[in-house]
Amino acid sequence: MNQPNDVKHFVASIAFDKRLYREDIAGSVAHARMLARQGIISLREAETITTALASIQGEMERGEFPFSVDQEDIHMNIEARLFEKIGPVAGKLHTARSRNDQIALDLRLYTRKAIADTLRALRGLQRALVETAERHRGVIIPGYTHLRRAQPVLLTHHLLAYFEMVERDKGRFRDCLERSDVLPLGSGALAGVPYPVDRQSVAQELGFPRISANSLDAVSDRDFLLEYQAAAAIAMLHLSRLAEEIVLWTSAEFAFATIPPEFTTGSSIMPQKRNPDVAELVRGKTGRVYGHLMGLLTVMKGLPLSYNRDMQEDKEGFFDTVDTLLACLEMCAGMVKGLEFDRRRTLKAAEADYTLATDVADYLVGKGIPFREAHGIVSRLVSYALSQGKPLNALGLEDYRRFSPLFEEDVRRISARTSVAARHVPGGTAPRQVAAALRRARRLIEREELTE
Ligand code: ARG
């Protein structure tokens, strides 16, 4: 429903920052305890405050908390409720703190959790890729360039290409954690606080390895959110490409693979149709994630130091980015796990359209012909085969010999399987290389699962 267009609603963020309640309360508890340790408030006061905060958290978990737009944001909602519960001592919690360092803290705590969830979900997709690759060992598909059949490759090799992309995505999120895992509390509104606070102990209690070095920067930087969103945009790009391949592979034109029916939906007018909606939506949702990144870059670009209210606009796009990425990772893992390939059809496609021409050229190179020359010979051979309407393996040896006397009977034994096996370089598609890559991939996932 539309909210009234008055100032109160216009400036309020409670509708969306309420999801930071756990982080906000954890930060307040750590802050109150530190204030007591430093003798800024009494131990009893700190205890009254932290006990009440715990009961407020309970109200929120149970959905009983009376959120109100009159209290603008999550910080004020909690503080107002604290006052209702314990009276004026509630007002001591905000000693040596500002909403500016408070929101920066909440967002950093939330980002840390989001990164952990994201890493787990990325690994879930990697596991799905590895499992489907293992189930389809030995399956050969056409490899493409320009979406034209180019050379045969192992399906496992193709799936592991996505494993590598996801591995780099994980690296980007870990890098982002490195820079977001910094305690901003103690920066106050912008200049620091005039109390003998112990920032290190708060950092320790909240699990931050470092404290921020500059208060102006700490209350006004959101580049950790930008990094998350940039990493998310790249991860979505990868998911979108995977989704596109699933759409292609499962189309009647390719008919390489099927996805389980729960990842498709029917058409409301064409009874025969099963549409790959889930894959299409992953592809489509990539747009909003890119949009949120551009949105926040634009919000931040003209802001003078330090905090500006514009920055309240950082949240909705960020939350939606996290939600969208996690959902899409879950969907992609499910689809990939359920993929079943038609190995006869993919093999046939892998050998069609003269995909073995390069191998024939390499054959001539093996007989001492320079590659460029071999390329020319085979290109004439392919034109000839095309004019006869025949695939290369339907030509007789005498046909081959019209183009080079070096061809012998064994040239007719070139197949998708020999082509794949020949590419026995690290990173290549030969079965032994791919088997080793698959083992490495599995080990990597298992090691991570152990250390979690
Ligand atoms: N709701 C605000 C935000 O998200 C919290 C910080 C408000 N600070 C202030 N000085 N008004 O940015």
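Both counts, for ligands and for their atoms, begin at 1 and track the order of listing.
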Requested in this report: Check whether any side-chain heavy atom of Arg222 lies under 4.5 Å from a side-chain heavy atom of Val299, and answer yes or no.
Outcome: no
Query raised in the report: With side chains defined as the heavy atoms from C-beta onward, is the minimum distance between Asp24 and Gln102 less than 4.5 Å?
Result: yes
Query raised in the report: Is the closest side-chain heavy-atom distance between Asp106 and Tyr21 below 4.5 Å?
Result: no
Query raised in the report: Taking the six-membered ring of Phe208, is NZ or CZ of Arg108 closer than 6.0 Å to its centre and within 45° of its axis?
Result: no
Report task. Tell me whether the guanidinium CZ or amine NZ of Lys315 lies under 6.0 angstrom from the six-membered ring centre of Phe16 and within 45° of its axis. Result -> no
Query raised in the report: Should the ring pair His158 and Tyr162 be called parallel, tilted or perpendicular, given that the plane angle runs from 0 to 90° and is split at 30 and 60?
Result: tilted
**Report entry** Under 4.0 Å from ligand 1, counting heavy atoms only: the protein residues, by chain and number
**Finding:** Ser13, Asp73, His75, Arg99, Asn100, Ile103, Tyr307, Arg309, Gln312, Lys315
